[in-house]
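Report on the structure given below.
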Amino acid sequence: MDRRDFLQNTFALSAVVAAGQLLVSTPAQAEDNKAVAAIKSKHWQYDLQLKHTWTIARGSRDTATVTFFEIESEGVKGIGEAALSTAARYGETRDTVQQALSQVDLSAFSTPFQYGEIFAYIERLAPGQKAARAAIDIAIHDWLGKKLNVPLYRLWGLNKDKTPLSTFTIAIDTPEIMMRKTEEAAEFPVLKIKVGRENDEEIIAAIRKVTDKPLRVDANEGWKSKEAALERIKWLQDQGVELIEQPLPTSQLAETAWLRERVNIPLFADESVSGLGDIGKLHDAFDGINIKLMKCGGLGEALKMIHTARALGMKIMMGCMIESSVGISAAAQLSPLIDYADLDGNLLVSNDPYTGVKVVAGKIVLPDDPGIGVKLR
Ligand code: MG
C-alpha cells in the first residue's frame with residue numbers, strides 16, 4: 001500500500017467510525033468541488049418475481065418492484081437498491097422512491113469520499129424516504145469499498161467467519177403448502193414462520209409434522225391484544241419456538257412490556273423500530289431489535305443502531321424486505337456484528353439480476369469481492 005492509499009484508507013475508516021458527526025460544506029465549497037469533478041448517478045426500476053406468493057399478516061404479493069441506484073466517479077461504479085415492505089407499511093411507494101431519487105443531484109460533490117456531506121444532503125432532501133436513502137447509502141458504501149479494493153466488512157474491521165446463520169422464511173399459506181415449503185428449505189437449520197392470522201396453531205402443528213428444527217415466529221403486529229398474544233406465545237414456547245418478532249401493533253408498547261414480563265422467550269421489535277431514534281424507548285418492552293437497511297436508511301444508520309442497541313444490552317437481528325442480492329449483500333456485510341439474521345429476501349425471488357452473498361448450509365458466506373461484493377448475474 002503506498003502512502004496515498006494508506007491515507008485514503010485511514011481517512012475512510014475514521015470517517016466510518018465518526019459517521020454522523022461530519023460537517024456540511026458551504027455553498028462556496030460545493031461550487032469549488034463542482035469545478036473539479038462530479039459524481040454521476042442513475043436509477044431504474046426492476047420487478048422481482050417471487051417463487052411463491054408472499055403472504056404475511058397484513059397482505060400478499062407475487063412481485064416486488066425494487067429500484068436500483070448507481071453512482072459513477074473516478075471510473076468506479078457503486079450500486080444500491082431501494083426495496084419496500086409488504087403493503088407499504090412504512091409509507092413509501094414505488095412512486096415516492098422514484099420521486100426522491102429523481103431529485104438527487106450529486107454533481108456538486110467532487111468525490112463519494114465526501115459521503116458525510118452527501119448523506120446530510122440526502123437526509124435534507126428526502127427525510128422520510130428511508131428506502132430511497134438506503135439505495136444511495138449502499139451505492140456510496142459499495143463505491144468506497146471498490147475504490148479502496150476492499151470488502152466493506154474488512155473496512156469495518158469485521159471477521160467474515162463470525163457471520164451468523166440466516167433463517168429461511170416460510171410465509172403464510174395453507175398448512176399443506178407451508179409443509180411443502182418447509183421441506184424445500186431442508187438446507188436451513190433454522191426457519192422463520194410468519195403467523196398472525198386465525199390459524200396460527202394449525203400452521204405450526206403442520207410444520208412440526210415435517211421438522212423439529214428451531215423456529216422463529218413473526219406475527220407482524222397480527223395479534224391484536226396482549227391477552228391473545230400471551231396465550232399464543234405460551235403455546236408456541238412449547239413448540240420449540242426460540243423467539244417472537246413484533247407480537248403486537250406498534251401502538252401497543254406498554255402492552256408489549258406487560259407481555260415480556262410473562263413469557264420465557266425473547267421478543268424482538270421490527271415494525272416498532274425504524275431508526276436510531278426509536279431504540280431508547282423500546283428496551284423495556286423488547287429483548288432485541290430487527291434492523292433493516294430499508295427501514296433505517298442504509299448502512300451508516302444501521303451501524304449506529306447496532307452500537308446503540310448493544311449499549312442498551314439488547315440483542316440484534318438483521319432482516320430484509322423482498323430484495324435482490326444488492327440489498328441483501330449490503331446488509332450481510334454487517335452480519336458479523338449481529339446475533340440473528342433473516343437475510344433471505346433474494347432467495348425468495350426467481351429473477352435476481354445480481355449475485356453476491358451466499359447462504360451455505362444456512363450460514364451467511366460473504367464474498368471476497370470489494371464493496372458490497374455483488375456482480376451482474
Ligand atoms: Mg418482521
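Indexing begins at 1, ligand by ligand and atom by atom, following the structure's order.
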Sorted by first residue and then second, give each salt bridge (Lys or Arg N to Asp or Glu O under 4.0 Å) pair with at least one member in residues 201-212; sequence neighbours left out.
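Listed by first then second residue: nothing to list.
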
Would you indicate whether the side-chain heavy atoms of T63 and L50 approach each other to under 4.5 Å?
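Of all side-chain heavy-atom pairs linking T63 with L50, none is under 4.5 Å.
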
Could you count the protein N, O or S atoms found under 2.8 Å away from the Mg ion (ligand 1)?
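Those protein atoms number 3 in total.
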
Are F109 and Y115 close enough that their ring centres sit under 6.0 Å apart?
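That pair fails the under 6.0 Å test.
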
As a test of understanding, state which of S329, S324, S325 forms a side-chain contact (heavy atoms from CB on, under 4.5 Å) with E81.
S324

The single option from L84, D344, T65, L348 passing side-chain contact (heavy atoms from CB on, under 4.5 Å) against I322
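When L84, D344, T65, L348 are each tested with I322, the side-chain contact (heavy atoms from CB on, under 4.5 Å) holds only for L348.
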
Could you tell me the separation between the CD1 atom of I170 and the NZ atom of K194, rounded to the nearest 0.5 Å?
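That separation rounds to 11.5 Å.
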
